[in-house]
Visitor: 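Right, I'll just put the structure down here and ask away after.
Chain identifiers are assigned alphabetically (A, B, ...) following the order of the sequence lines, protein sequences preceding nucleic acid strands; residue numbering begins at 1 within each chain. Owing to the predicted nature of the structure, the values given are computational and were not obtained by experimental measurement.
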Amino acid sequence: MKKISLFFLFLCLLTACTKGEDIKPESYNCNYNFNDLSQVNPNNLVYQSVLDDMTSKGVVGVAMSVYSSNGIWLGASGKADLHNNIDMKSCNITRVGSIVKMVTATVILKLQEEGKLNIDDKISNYLNGDNINKIKNAEKATIRQLMQHSSGINNYIHSLQFQTASLNNLVKEWNAHELLKYSYNESPYFEPDEDVRYSNTGYILLGLLIEKLEGKPLYQVFDENIFEPLGLINTQFAGKNPVPEGIVRGYVDLYSNLNVIESTYYSGWDYYTADGGLISNVYDMNVFFRALMNGEIINANSLNQMLTWKTPKEVEVDFFPISYGLGIFKIETPKGIAYMHSGNAIGYDANMFYFPSDNTTIVYASNSNYGKIEPLVSSKQAMEKIINKTKE
Amino acid sequence: MNKYIAILLLAFSFPAILLGQEKGIPINISFFNESTAVPFTRFITTPIHPGIQLGTEFNYKVKEHSRLFQTANISYFYHNYLAQGIGLNTEFGYEYRLKFGLALQGLLGVGYMHTFATSDEFTFSNGQYIKKVDKGNSRFYPSLSLDLGYYLNKNKNSPKIFIRYQSWIEYPYSPGFIDIMSHVNIHIGTKIFI
């Protein structure tokens with residue numbers, strides 16, 4: 001009898017697993033407040049086939065917006081929620097992670113326009129304490145260098161200690177100071193302005209700067225300065241509500257075998273700091289990017305500063321030739337120069353491109369990543385495929 | 001936290017005293033906290049991911065103060081949201097026993113582990129995702145452990161209580177993404193003879 005009990009105890013342990021959350025389908029309902037003409041867009045079938053191709057190979061769900069001379073096209077493929085069997089819709093909200101860096105840079109430039117800072121000031125003129133003293137280069141880096149990733153400040157996200165700690169507690173919600181500690185006393189990549197290299201740590205410092213100058217949490221500054229004036233009703237910073245109703249479920253192929261598990265609640269390092277944590281949909285992001293590029297958010301001088309480029313000394317072989325602006329990148333694609341930013345969280349991935357030659361703007365977002373899904377959503381080949389099919 | 005470790009060690013010493021007299025086969029039983037961590041950077045981590053290990057050992061060579069030995073163990077851990085695993089391993093160990101009952105051990109191990117998801121898993125099949133029974137993933141897991149123990153008496157078969165720092169590698173983990181995952185288990189356990 002004891003043996004049988006032990007066997008059942010063991011079986012219980014091995015089958016001890018969290019069941020998916022039951023969510024009413026209505027929670028995912030969303031609409032546009034305009035007449036969506038995507039179905040009559042002359043490229044409708046081509047665009048839809050791009051998304052269907054991705055989901056036929058293992059991407060859980062993907063949504064895309066394409067703005068071109070034919071107007072805006074909006075579409076989706078796959079699932080927003082596997083457990084509840086909900087189809088993905090283009091209006092569904094999702095995590096777009098680091099795309100928030102473009103919002104952060106935009107707000108900083110607006111603050112400069114308002115005379116509240118000068119981007120050539122040192123960040124240490126505004127912040128002090130351990131976050132300046134213990135992060136190498138932080139004392140001498142300027143706000144511009146942080147925005148352009150040319151400060152040389154170490155990127156906390158590459159710390160093995162951070163990576164293992166975040167896996168150890170997947171639902172932990174991290175604050176800025178807990179994250180910055182992983183950059184304390186770490187060697188800088190280079191002296192400020194010598195080169196460019198992506199650093200989330202730099203953007204956390206920029207977020208602290210915004211909060212200090214404005215005396216408000218980041219989500220409120222973003223709402224008041226960017227999202228509300230542009231009418232981006234489906235966009236918010238995660239700090240306001242990390243897992244809002246209607247957000248599509250995220251999935252990860254952690255073991256590279258197209259067996260996915262849900263990860264909706266696993267991006268807690270991304271909720272409160274200005275290096276990630278944006279929640280939006282592909283329509284709102286398309287509107288934001290075009291408004292920014294058309295000078296509707298910041299003035300021409302600020303936009304010129306944002307679009308002043310630095311090229312890394314080391315060429316990235318698996319990506320397009322790239323240059324770094326202020327919270328934005330310039331890449332050379334087969335269809336010409338594009339400005340872009342990417343973002344991801346655990347189980348989420350997003351990319352957006354703006355082609356200055358004709359204002360074509362493409363945004364796509366997937367609710368799955370890692371493993372075998374990664375090359376389908378965020379590789380150079382994946383981006384090239386989408387650009388080639390959507391840019392005329 | 002140290003207070004709790006002391007209480008646990010004390011609690012472990014009672015079965016050791018009761019069961020450890022004049023018997024032959026050594027049994028090691030320990031409860032542990034598993035964590036994903038870089039070795040030798042953290043000791044106690046939270047949240048607690050519980051695990052249990054049961055094993056035995058035999059000696060290759062015994063001297064007055066030291067011995068070389070081999071262990072065989074079965075273990076289970078549950079890491080919330082990430083994985084649960086059952087492992088079989090063996091370790092080659094060296095122990096140095098001090099006069100006043102303290103003993104230091106180093107253990108080098110290899111093992112096989114089968115891990116399972118702790119949440120619903122969806123498998124891509126015929127162009128769509130379907131919920132399937134998780135068959136788990138095979139893992140190789142080498143380990144390195146350092147152990148501080150206390151023998152309750154001077155007998156050869158004295159029961160022992162111990163605290164162990166076990167660092168182990170999970171391979172393969174996520175091919176092409178995170179190839180190797182590093183874990184640390186902090187064990188509190190006892191050796192008894194039956």
Visitor: Which residues pass the salt bridge (Lys or Arg N to Asp or Glu O under 4.0 Å) test with A:K134, sequence neighbours left out?
Guide: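 In terms of salt bridge (Lys or Arg N to Asp or Glu O under 4.0 Å), with neighbours along the sequence ignored, A:K134 is linked to A:D130.
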
Visitor: Please tell me if the side chains of B:D120 and A:L82 come closer than 4.5 Å, counting only heavy atoms from C-beta onward.
Guide: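 Side chain of B:D120 against side chain of A:L82, heavy atoms only: no contact under 4.5 Å found.
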
Visitor: Supply the atom-to-atom distance A:Y266 OH to B:S119 OG, rounded to the nearest 0.5 angstrom.
Guide: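 That separation rounds to 4.5 Å.
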
Visitor: Report yes if the side chains of B:L82 and A:L167 come closer than 4.5 Å at any heavy-atom pair, otherwise no.
Guide: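 Sidechains of A:L167 and B:L82: in contact.
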
Visitor: Would you check if there is a donor-acceptor pair between the side chains of B:S35 and A:N168 at a distance under 3.5 Å?
Guide: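 Not at all, the side chains of A:N168 and B:S35 share no donor-acceptor pair under 3.5 Å.
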
Visitor: Tell me the residues of residues 136-145 of chain B whose non-hydrogen atoms fall below 4.5 Å from those of chain A, in number order.
Guide: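 From residues 136-145 of chain B, the residues near chain A are B:N137, B:R139.
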
Visitor: Are there over 12 heavy-atom neighbours, none belonging to A:L45, within less than 6.0 Å of that residue's CG?
Guide: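 No - once you tally the heavy atoms of other residues, nucleotides and ligands closer than 6.0 Å, there are 12 at most.
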
Visitor: Given side chains that start at C-beta, do those of B:F122 and A:N259 come closer than 4.5 Å, heavy atoms only?
Guide: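 The answer is no; the side chains never approach within 4.5 Å.
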
Visitor: For the atom pair CD (A:Q161) and OG1 (B:T36), what is the distance rounded to the nearest 0.5 Å?
Guide: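 Result: 12.0 Å between the selected atoms.
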
Visitor: Quick one: which of A:S256, A:G371, A:P375 has the most heavy-atom pairs under 4.5 Å with chain B, could you say?
Guide: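 Result: the option with the highest number of such pairs is A:S256.
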
Visitor: How far does CG of A:L258 sit from OG of B:S125, to the nearest 0.5 angstrom?
Guide: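 The OG atom of B:S125 is 10.5 Å from CG of A:L258, to the nearest 0.5 Å.
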
Visitor: Does some side-chain heavy atom of B:M181 sit less than 4.5 Å from a side-chain heavy atom of A:T164?
Guide: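 The answer is yes; the side chains approach within 4.5 Å.
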
Visitor: Do B:F124 and A:K57 have side chains that approach each other closer than 4.5 Å (heavy atoms only, starting at C-beta)?
Guide: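 B:F124 does not reach A:K57 side chain to side chain.
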
Visitor: Counting heavy-atom pairs under 4.5 Å to chain B, which of A:N169, A:N257, A:N85 comes out on top?
Guide: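 Heavy-atom pairs under 4.5 Å are most numerous for A:N169.
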
Visitor: Take A:Y255 and B:Y173, measure what ring pair (Phe, Tyr, Trp, His ring centres under 6.0 Å) needs, and give me the verdict at the end.
Guide: CA-CA 6 Å; A:Y255 302 133; B:Y173 187 67; 5.6 Å; yes

Visitor: By a 4.5 Å heavy-atom criterion (distance strictly below it), what part of A:T55 contacts chain B: side chain, backbone, both, or neither?
Guide: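 The backbone, not the side chain.
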
Visitor: Counting only heavy atoms not in B:R42 (residues, nucleotides, ligands), do more than 12 fall under 6.0 Å from its CZ?
Guide: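 Counting other residues, nucleotides and ligands, CZ of B:R42 stays at 12 neighbours or fewer.
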
Visitor: Is the shortest side-chain heavy-atom distance between B:K131 and A:H83 below 4.5 Å?
Guide: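 When only atoms from C-beta onward are counted, A:H83 and B:K131 do touch, with a gap below 4.5 Å.
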
